[in-house]
Number of protein chains: 2
Amino acid sequence: MDKSGSASPLYNIGVVTRVTGVPIATLHAWERRYGFPDAARSAGGHRLYSEKDIARLRWVKSQVDSGLTVSRAVIAARALEANGRLFLPNESEASQKSQSSRIAFPSLRESLLDALFHHNLPRADQLMGEMLAFYSPEDLTLEVIGPALNAIGEAWEQGHITIATEHLATNYLRHRLLMWMVTGLTPRSGDSIVLACAPGELHEGSLLMLGVLLRRKGWPVAYLGQNVPFHDLAKFIDDIHPSAVVLVAICEEPARALTDWPHWINQVGGHPIIGFGGRAFIVHPELQGMVPGVYLGTSISEGMTNLVSLLQRIEK
Amino acid sequence: MDKSGSASPLYNIGVVTRVTGVPIATLHAWERRYGFPDAARSAGGHRLYSEKDIARLRWVKSQVDSGLTVSRAVIAARALEANGRLFLPNESEASQKSQSSRIAFPSLRESLLDALFHHNLPRADQLMGEMLAFYSPEDLTLEVIGPALNAIGEAWEQGHITIATEHLATNYLRHRLLMWMVTGLTPRSGDSIVLACAPGELHEGSLLMLGVLLRRKGWPVAYLGQNVPFHDLAKFIDDIHPSAVVLVAICEEPARALTDWPHWINQVGGHPIIGFGGRAFIVHPELQGMVPGVYLGTSISEGMTNLVSLLQRIEK
DNA sequence: CATAAATTGTCAAGTTATTGTATAGATTTA
DNA sequence: TAAATCTATACAATAACTTGACAATTTATG
């Protein structure tokens with residue numbers, strides 16, 4: 001595979017247009033006008049982009065798509081980078097095979113899990129870098145991190161890994177998710193969406209993923225995390241008047257506890273949308289009918305679209 | 001200094017209309033008539049608004065929407081600002097003063113806590129952005145986030161805030177910490193440092209801060225988080241051969257459990273440094289002598305320097 | 001109460017800034 | 001050799017700027 005031994009990860013401009021959606025002529029112009037992303041050159045003068053360059057481009061393009069000027073987006077990217085506040089993949093040794101085709105999600109997921117289960121964090125970093133060069137955080141959240149978190153849980157339940165390994169892997173993935181949740185400014189002002197686990201529920205992985213997706217779409221999110229008692233939740237809702245509240249239960253007990261929410265929350269002002277979901281309602285579908293409010297569906301992306309369409313209907 | 005904070009003029013007028021809902025012509029008129037918000041200009045004369053300008057605009061617009069005239073709202077904003085009651089001074093104003101007149105840590109901490117306790121996340125974001133413009137993540141971790149996490153815990157114990165508010169604030173700060181742990185430079189290669197809470201210990205705040213500090217100094221960290229049983233920890237250590245293991249206990253029970261670690265870990269290979277610390281050993285100093293291994297001290301920065309000097313002695 | 005004055009949002013015209021894209025001919029890569 | 005990429009220049013399409021005007025509304029005044 002690796003013919004010359006010194007394979008630094010460099011992609012030609014054709015790959016980069018396909019992957020980022022930025023036309024070749026525009027890439028030329030950006031480099032001419034802003035010196036961005038200042039790709040390396042081959043012996044014959046052709047541009048060679050690294051994964052870091054691709055990640056930079058993705059970030060700048062996302063800013064431009066949301067209205068920023070190219071020149072300012074480039075300046076912002078440089079400032080954030082100098083500050084260490086913009087996540088960029090490390091330079092890694094990608095083989096030239098990636099030039100022709102994107103790597104498929106399932107194989108990426110497998111490689112990542114393999115690295116984490118063998119406690120090989122540098123390898124995991126490298127894989128994350130490669131993935132970020134080709135896919136958006138949204139895609140990675142849904143297609144790689146979500147399934148990987150599930151697989152980790154299963155591997156532990158079946159005794160394939162110890163709890164220490166489970167902790168390491170779960171924390172690793174959670175850290176990446178959180179990073180994506182925190183970056184960027186909230187473009188929308190207005191009431192937030194409250195995200196909380198059911199009382200007694202300690203699994204917050206899927207709630208976190210929903211948080212990432214909502215944040216990235218520009219919704220203001222108030223993230224409460226695991227095990228939120230109704231009494232306090234009610235007070236909180238009364239305080240900040242959210243547009244929606246999402247309650248998640250993975251285990252059966254917390255899901256049953258959810259049936260009781262109107263007793264606490266119904267009388268608060270503002271009357272937000274109350275939605276719920278989580279694995280408990282897939283394993284025990286009869287619970288769906290027992291909990292008042294809107295059932296958000298069986299997957300995170302489904303929940304996301306349902307929630308967003310409800311919110312948009314209200315806005316009008 | 002660094003221009004990436006909220007004071008850096010970054011946003012073109014198109015973004016600002018979309019985000020604030022104030023039409024372009026109105027923005028022009030406000031600047032012409034009231035000199036507000038006096039945005040910076042690009043080389044070509046286009047207006048460039050900072051995040052603070054956007055915040056100013058949002059505030060004024062909210063006042064106008066609730067009946068005030070524009071001119072009065074602008075005057076009010078300026079008055080509040082001069083009092084330091086609405087916005088912090090922006091970078092250009094601040095840098096005109098001497099370096100010594102940076103905003104003091106305690107006041108920043110108070111403002112941040114105030115914003116979080118009032119569920120004002122945009123305000124918290126703004127504060128964090130401004131702090132990052134002046135201080136490094138290391139300083140903020142030790143001087144702002146650490147004390148803030150303690151204060152949050154205390155406020156809850158004394159019934160000043162509900163558990164929902166505690167969750168919101170804790171998660172908010174944890175997310176920032178986690179972000180800093182992931183970003184930044186590549187860790188140097190070599191054996192990692194394992195960070196774990198004692199068995200049964202659920203408070204991971206201080207462990208996380210230690211992780212941030214180590215990681216940002218370039219040490220490779222394997223973060224295991226809360227409640228790690230010795231049995232699994234031993235297997236894990238045997239697997240990855242860390243250079244050091246740090247065990248943290250906040251509560252008394254987990255701290256007592258720590259006395260037992262040699263029974264599990266002594267026979268594993270590599271013989272890493274085993275260090276321990278946490279609030280339990282400050283409240284009950286007699287426990288320090290009962291736990292084998294190196295006591296890392298009474299503060300996070302102390303623990304950090306102790307650990308690093310131990311590791312550097314070994315490296316030679 | 002009626003009228004004058006001030007305040008405020010919006011529009012139009014003409015100009016400039018910023019950015020995307022097309023073309024042409026030379027060179028590199030596979 | 002054919003396809004891909006390079007540089008350089010030109011041009012078109014938005015986006016934004018300034019200035020001046022004007023109508024709707026609010027506020028002050030006789």
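Side-chain atoms are counted along with the backbone in the values below, which use heavy atoms only and exclude waters and symmetry mates. Here is the naming used below: chain letters follow the sequence lines, and residue numbers restart at 1 for every chain.
Remark: B:H119 engages A:D239, B:T165 in a side chain to side chain donor-acceptor pair (under 3.5 Å) (not counting sequence neighbours). Partners of A:R109 by salt bridge (Lys or Arg N to Asp or Glu O under 4.0 Å), not counting sequence neighbours: none found. Checked against side chain to side chain contact (heavy atoms under 4.5 Å, CB included), B:N171 has the following partners two or more places apart in sequence or in another chain: A:Y223, B:H167, B:R174, B:H175. Residues passing the side chain to side chain contact (heavy atoms under 4.5 Å, CB included) test with B:S71 are B:Y34, B:T69, sequence neighbours excluded. Taking the side chain to side chain contact (heavy atoms under 4.5 Å, CB included) definition, one finds that A:A25 meets it with nothing, sequence neighbours left out. Residues meeting the side chain to side chain contact (heavy atoms under 4.5 Å, CB included) test with A:S299, sequence neighbours left out: A:S301, A:E302. Not counting sequence neighbours, B:Y49 has no partner by the ring-ring contact (aromatic ring centres under 6.0 Å, His included) test.
Judged by distance alone, the side chain of B:D53 and the main-chain N or O of B:A39 form no donor-acceptor pair under 3.5 Å.
Applying the salt bridge (Lys or Arg N to Asp or Glu O under 4.0 Å) test to residues at least two apart or on different chains, the pairs with a partner in residues 62-76 of chain B are B:K61-B:D65. Applying the side-chain hydrogen bond (donor to acceptor under 3.5 Å, both in side chains) test to residues at least two apart or on different chains, the pairs with a partner in residues 22-31 of chain A are A:H28-A:R47, A:E31-A:R41, A:E31-A:R47.
The stretch residues 28-43 of chain A touches DNA chain D through A:H28, A:R32, A:R41, each having a heavy atom under 4.0 angstrom from the strand.
Following rounding to the nearest Å, B:L68 (CG) and D:dT27 (C1') show an atom-to-atom distance of 15 Å. Rounded to whole angstrom, the span from the NE2 atom of A:H46 across to the P atom of D:dT5 amounts to 8 Å. One atom, CD1 of B:I24, and another, C1' of D:dT14, lie 12 Å apart when rounded to the nearest Å. Rounding to whole angstrom units, CG of residue A:L48 and P of D:dA4 are separated by 17 Å.
Heavy-atom contacts of chain A under 4.0 Å fall on DNA chain C between two terminal nucleotides, which in 5' to 3' order are C:dT18 to C:dT29.
Considering every non-hydrogen atom in both A:Y135 and A:R58, the closest pair reads C-NH2, 3.4 Å.
Comparing D:dA16, D:dT18, D:dT5 by their closest approach to the side chain of B:R47 singles out D:dT18.
Relative to the axis of its first five pairs, the axis of the last five pairs of the helix from C:dC1-D:dG30 to C:dA30-D:dT1 sits at 40°, rounded to 10 degrees.
Comparing A:G45 and B:A25 against DNA chain C, the residue whose closest nucleotide sits nearer the 5' end is B:A25.
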